[in-house]
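Proteins get letters first, then strands, A, B, ... in listed order; numbering begins at 1 in each. Keep in mind the model is a prediction, meaning the values are calculated, not measured.
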Amino acid sequence: MLDLKWIRENPQDFDAAMKRRGLPPQSDDLLGTDRNWRDTQTHLQDMQARRNAAAKEIGKAKASGGDAEVLIREVAELKDETQRFIKVERDLQEILDTKLSGLPNILDADVPDGADETENVELRRVGDAPSFNFEPKEHYELGEALGLMDFATAAKLSGSRFVVTSGQIARLERALGAFMLDVHTLEKGYLEVSPPVMVRGSALYGTGQLPKFEEDLYKISDDQYMIPTAEVPLTNIVSESILVESDLPKRFTAHTLCFRSEAGSAGKDTAGMLRQHQFTKVEMVSITTPDQSQAEHERMTACAEDILKRLGLPYRVVVLCSGDTGFGARKTYDIEVWLPGQNSYREISSCSNCGDFQARRMKARYRPEGEKGTAFVHTLNGSGLAVGRTLIAVMENYQQADGSIRIPEVLVPYMGGVTEICAA
RNA sequence: GGUCGGUUGGCAGAGUGGUUGAAUGCGCCGGUCUCGAAAACCGGUAAGGGUGCAAGCCCUUCGAGAGUUCGAAUCUCUCACCGACCGCCA
């Protein structure tokens with residue numbers, strides 16, 4: 001949600017910002033509705049003020065045994081008109097709200113312009129792609145050959161975009177999640193959280209998935225959805241609250257299942273477990289003051305990168321261009337891991353600074369020290385990392401000529417001492 | 001699923017129709033005292049919005065919505081959530 005006051009004061013900047021998002025200028029339309037709404041509100045409040053004053057006088061008159069007949073009749077006559085204006089005012093506010101809540105966040109000045117993901121800008125590459133003296137395979141070829149990854153059975157059980165893993169591959173996924181959580185909680189200061197994976201619509205509105213992106217979600221009851229990412233429950237922990245500045249930043253992490261309908265991605269990444277309806281992810285969320293959020297964004301990205309470094313996986317970091325940056329984000333870094341089987345870099349983490357965009361929607365505030373009143377917090381979220389995709393990356397980068405897979409050293413303790421996954 | 005009880009400011013917790021936006025305590029901010037601090041004492045302290053150059057004035061909000069009334073935190077209805085017990089299940 002954007003700040004309406006800011007739009008009032010900076011209509012040109014607002015239109016320019018929307019243009020970067022590929023949207024037409026709309027300050028005139030928006031501010032027209034706003035003007036209308038405020039005029040209505042002013043008028044309504046005048047009527048309410050008169051009514052309140054009269055009601056008080058009636059109280060006084062009755063207390064002193066006087067006659068209040070005239071006043072009572074006057075107020076009764078005001079009533080219908082007041083009721084009508086309440087409705088008009090409410091409708092206008094709803095129209096304004098609908099318009100505002102459909103607007104994407106303002107991009108940071110240093111986000112590069114561009115139409116789509118082909119214009120994202122690479123910032124750095126870390127680690128060397130492994131060299132093989134054989135043709136590296138894709139993860140699903142390796143997994144199926146090992147007998148530990150079964151897409152046919154998953155299709156029988158659940159349909160497309162699911163997988164059944166077993167044995168050491170299943171364990172490897174569990175090991176990865178545990179390893180990531182340990183790093184974030186023991187070394188990076190994140191609080192481990194085990195949140196619900198079903199949430200109300202209001203939580204999804206808070207983080208910006210609703211109302212625009214409902215088709216991407218699994219809806220399971222009147223007002224409950226499966227989470228597409230733990231960003232939703234973790235960030236909404238602070239919704240509708242006023243935090244103490246000295247408690248910031250707050251850092252949360254969680255290892256959860258995520259559910260995505262993948263509507264509109266038919267035919268994309270259909271082979272293997274790169275794009276599933278259900279997958280696990282370790283998520284990081286930070287709640288900060290406005291001053292802290294930029295540095296926190298870099299820090300969070302570094303936390304995600306550190307996992308890849310320790311796993312010995314080569315990757316690159318890109319900053320998303322204007323056309324590829326998500327609805328709620330000001331600026332997003334994607335981390336892409338090298339997949340030898342695909343001979344390309346693929347997204348494994350996305351770290352976004354949302355500024356106060358989500359905080360406004362969910363009414364998450366704090367009290368700035370030494371100032372009166374409250375201010376909105378800033379929120380950030382990042383994958384640290386997508387566990388399913390990390391599993392893929394480990395398999396492909398650590399594969400050997402015979403189809404076995406070495407276990408990265410840091411994971412061996414999590415694998416109960418196993419150093420290699422071989423065919424049974 | 002059933003019955004009963006609850007939902008009030010940052011927190012705890014009064015308040016059953018009239019000047020209550022809301023007692024009191026805690027917390028927080030400022031002051032007195034002190035070399036400084038603690039304690040004690042004094043004062044201040046809800047959020048959101050409209051209007052105004054400003055001081056200020058005004059509106060809304062006591063879980064949400066609808067209703068009764070000149071007037072609702074207080075009465076009625078619906079819903080949500082929390083708690084207790086019962087039933088069922090892990």
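- Spacing between atom CE of M47(A) and atom P of rG71(B) amounts to 14 Å, rounded to whole angstrom units.
- Nucleotides rG6(B) and rC58(B) have their P atoms positioned 36 Å apart, rounded to a whole Å.
- Taking the P atoms as reference points, rA73(B) lies 13 Å from rG65(B), given to the whole Å.
- Q292(A) is linked by a side-chain hydrogen bond (donor to acceptor under 3.5 Å, both in side chains) to T289(A), counting only residues two or more places apart in sequence or in another chain.
- Judged by the 6.0 Å and 45° rule, R174(A) forms no cation-pi pair with Y414(A).
- When the P atom is compared between rA12(B) and rC88(B), the two are found 36 Å apart, to the nearest whole Å.
- The same atom, C1', is picked in rG15(B) and in rU7(B); the two are 15 Å apart, to the nearest Å.
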Could you list all N or O pairs between the protein and nucleotides 61-66 of chain B that sit under 3.5 Å apart?
| residue | atom | partner | partner atom | Å |
| --- | --- | --- | --- | --- |
| rA66(B) | OP1 | R90(A) | NH1 | 2.7 |

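- Taking atom C1' in both rG31(B) and rG18(B), the straight-line distance is 38 Å, to the nearest Å.
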Distance-only donor-acceptor pairs under 3.5 Å for side chains of residues 102-112 of chain A, two or more places apart:
| residue | atom | partner | partner atom | Å |
| --- | --- | --- | --- | --- |
| N105(A) | ND2 | G328(A) | O | 3.0 |
| N105(A) | ND2 | C354(A) | O | 3.0 |
| D110(A) | OD2 | K331(A) | NZ | 2.9 |

Encode nucleotides 45-59 of chain B as B, S and - characters from 5' to 3', where the letter depends on protein heavy atoms closer than 4.0 Å: B to the base, S only to sugar-phosphate, - to neither. --SSBSS------BB
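- In RNA chain B, the stems built from three or more successive Watson-Crick or G-U pairs (distances below 3.5 Å) are B:1-7 with B:80-86, B:10-12 with B:24-26, B:27-32 with B:40-45, B:46-51 with B:56-61, B:63-67 with B:75-79.
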Strictly under 4.0 angstrom, non-hydrogen atoms only: write out the protein contact profile of nucleotides 75-80 of chain B, one letter per nucleotide from the 5' end, B, S or -. -----S
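- Note on R251(A) versus E296(A): salt bridge recorded, some NZ/NE/NH1/NH2 to OD/OE distance being below 4.0 Å.
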Return all side-chain donor-acceptor pairs below 3.5 angstrom for residues 373-380 of chain A, not counting sequence neighbours, or 'none' if the list is empty.
| residue | atom | partner | partner atom | Å |
| --- | --- | --- | --- | --- |
| H378(A) | ND1 | S293(A) | OG | 2.9 |
| T379(A) | OG1 | Q358(A) | OE1 | 2.7 |

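- Rounded to a whole angstrom, the distance from the C1' atom of rG13(B) to that of rG67(B) is 30 Å.
- Heavy-atom nearest nucleotides on RNA chain B were determined for Q83(A) and for A54(A), and the one closer to the 5' end corresponds to Q83(A).
- At a threshold of 4.0 Å, the pair R346(A)-E396(A) does not count as salt-bridged, since none of the basic side-chain nitrogens sits closer than that to a carboxylate oxygen.
- Listed by chain and residue number, K137(A), E138(A) satisfy the side chain to side chain contact (heavy atoms under 4.5 Å, CB included) test with E141(A) (two or more places apart in sequence, or in another chain).
- Screening residues 38-47 of chain A for salt bridge (Lys or Arg N to Asp or Glu O under 4.0 Å) gives D34(A)-R38(A), R35(A)-D39(A) as the qualifying pairs, with residues at least two apart or on separate chains.
- One side chain, S350(A) or D334(A), offers a donor N or O that lies under 3.5 Å from an acceptor on the other.
- For A55(A), there are no side chain to side chain contact (heavy atoms under 4.5 Å, CB included) partners, not counting sequence neighbours.
- Salt-bridge formation is detected for the pair E262(A)/R275(A): a Lys NZ or Arg NE/NH1/NH2 atom is positioned less than 4.0 Å from an Asp or Glu carboxylate oxygen.
- For the C1' atoms, the distance linking rA46(B) with rU20(B) amounts to 14 Å, nearest Å.
- Applying the side-chain hydrogen bond (donor to acceptor under 3.5 Å, both in side chains) test to S194(A) and every residue at least two apart in sequence or in another chain returns nothing.
- In this structure F213(A) satisfies the ring pair (Phe, Tyr, Trp, His ring centres under 6.0 Å) test together with F327(A), sequence neighbours excluded.
- The separation of rU19(B) from rG71(B), taken at their P atoms, amounts to 15 Å, rounded to a whole angstrom.
- In the model, T235(A) has no side-chain atom that pairs as donor or acceptor with a side-chain atom of E231(A) under 3.5 Å.
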